[in-house]
Amino acid sequence: MKIATFNINGIKARIDALPAWLKEAQPDVALLQEIKSVDEAFPRTVFEDMGYNLETHGQKSFNGVAILSKLPLEDVTRGLPGDETDEQARYIEATVMGDTAPVRVCGLYLPNGNPAPGPKYDYKLDWMARLYDRAKALLADETTFVMAGDYNIIPQAEDAAKPESWREDALFRLESRTAFRRLLNLGLTEAFRARTQGPGHYSFWDYQAGAWNRNNGIRIDHLLLSPQAADMLVDCQIDKEVRGRDKPSDHVPVWVDLAA
DNA sequence: ATGTCAACAGTATGTTGA
C-alpha cells in the first residue's frame, strides 16, 4: 500500500499539477494539506473520475486537509481531539481497508508557529501536545497507523540546507524539535530516516529568493509509523522532481510503501 | 537586492498567511 503526503498549497492552484502527479505516482492513499477550500468547493469529480474516494476537512481561505484513497475508507473523523474551541481545519483520520490489513491514516497540517515566541507559537506547541495524546491513544489500542503530513518541523540540522538561518524559527527552535522527539519517543518510526541517512534531503523549497534553484530546502513533511506499520515498511521516498515542474507547490510529495 | 505565491475582498490592489 503506497501512502503519500503532499502539501498542495491550494487545490484550485494545483488542479493540473496534482492529477498529473497522481497519474504518475499512483499512490493508493494521498493525504493532502492546505487545500485552502471549503468542502463544497473542492473539485471532487476530478479525483473521483480517477478512481479515488475522497474525504475533506476544509476551511475558507486557509488550512484544510483531505484524504484521497483508491481503497475503501471507514470511520472518518475530522479535527484533532483535545480542544473543542479549535476551529482550524488541520487534521483528518480514516481507516483504509487494505488487502492484508486495515491501516489508520492520520493526515495533519501542523501549525507553522511563527512568529516565535508568541501566541501562534503557543498554539503550535499546544497542538503538538494534543497530537502526542492522540498518538498515545492509538498506540494503546495497538492500531496500525501512519501519522503523516506537513509537520512544520525541521527535525535536525542536517534537514536544512542552511540550519543557521532557522535557529530561532518556529520550525527549528529547540522547543519544537523537543516536542517532535517526544512524539517519536512514544515508539514511532520516522519513515524517511528509517531508510535514508545524511544531509541534503528536503521536502520544501520557499518560492522566494530562488530557493529551489539554489537547493535551499528544508525537510518538514514526515510520515510517522506505529510499530505495526514500521514492521511493514518497504520503502520511503521524496518525489523531489515535482518541485521543478510548472505551477508547483512549494512542497513535494513524500510517500511510504507498506506491505499491507 | 527581501528576488514568491495563493486566497480574499471587491474591483485595483492591499492584506494575510505561509
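Scope of the values below: all heavy atoms of this structure, side chains included, with no hydrogens, waters or symmetry mates.
Evaluation of the ring-ring contact (aromatic ring centres under 6.0 Å, His included) rule for A/Phe42 yields A/Phe47 as partners, not counting sequence neighbours. In this structure A/Asp39 satisfies the side-chain contact (heavy atoms from CB on, under 4.5 Å) test together with A/Thr56, sequence neighbours excluded. Residues satisfying the salt bridge (charged side-chain N to carboxylate O under 4.0 Å, His left out) test with A/Asp86, not counting sequence neighbours, are A/Arg130.
As rounded to the nearest Å, B/dA7 and B/dG3 have P atoms that lie 23 Å from one another. Comparing the same atom, P, in B/dG10 and in B/dA6 gives a spacing of 23 Å after rounding to whole Å. Comparing the same atom, C1', in B/dA12 and in B/dA1 gives a spacing of 27 Å after rounding to whole Å.
Judged by closest nucleotide on DNA chain B, A/Asn9 is the one of A/Asn114 and A/Asn9 placed further toward the 5' end. Nearer the 5' end of DNA chain B, as judged by each residue's closest nucleotide, is the contact made by A/Lys12, out of A/Gly113 and A/Lys12.
With A/Trp205 as the partner, the side-chain hydrogen bond (donor to acceptor under 3.5 Å, both in side chains) test is satisfied by one option alone out of A/Asn216, A/Asn213, A/Asp250, A/Asn215: A/Asn215. Exactly one residue among A/Trp255, A/Phe204, A/Trp21 makes a ring-ring contact (aromatic ring centres under 6.0 Å, His included) with A/Phe6. That residue is A/Trp21.
Within 6.0 Å of atom CZ in A/Arg245, more than 12 heavy atoms from other residues, nucleotides or ligands are found, so the atom counts as buried in its surroundings.
Counting non-hydrogen atoms under 4.0 angstrom, A/Phe204 reaches nothing in the nucleic acid.
In summary, contact between chain A and DNA chain B, defined as any nucleotide atom under 4.0 Å from a heavy atom of the protein, begins and ends at B/dG3 to B/dA18 in the 5' to 3' direction.
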Pairs under 3.5 angstrom only: tabulate donor-acceptor contacts from the side chains of residues 101-109 of chain A to other protein residues two or more places apart or in another chain.
{"unit_1": "A/Arg104", "atom_1": "NE", "unit_2": "A/Glu93", "atom_2": "OE1", "d": "2.9"}
{"unit_1": "A/Arg104", "atom_1": "NH1", "unit_2": "A/Asp75", "atom_2": "O", "d": "2.8"}
{"unit_1": "A/Arg104", "atom_1": "NH1", "unit_2": "A/Thr95", "atom_2": "OG1", "d": "2.9"}
{"unit_1": "A/Arg104", "atom_1": "NH2", "unit_2": "A/Asp75", "atom_2": "O", "d": "3.1"}
{"unit_1": "A/Arg104", "atom_1": "NH2", "unit_2": "A/Thr77", "atom_2": "OG1", "d": "3.4"}
{"unit_1": "A/Arg104", "atom_1": "NH2", "unit_2": "A/Glu93", "atom_2": "OE1", "d": "2.9"}
{"unit_1": "A/Tyr109", "atom_1": "OH", "unit_2": "A/Glu34", "atom_2": "OE1", "d": "3.4"}
{"unit_1": "A/Tyr109", "atom_1": "OH", "unit_2": "A/Glu34", "atom_2": "OE2", "d": "3.4"}

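Only A/Ala13, A/Arg14, listed by number, bring a heavy atom of residues 13-21 of chain A to less than 4.0 angstrom from any atom of DNA chain B.
Distance CD/A/Gln228 to OG1/A/Thr189: 10.5 Å, rounded to 0.5 Å.
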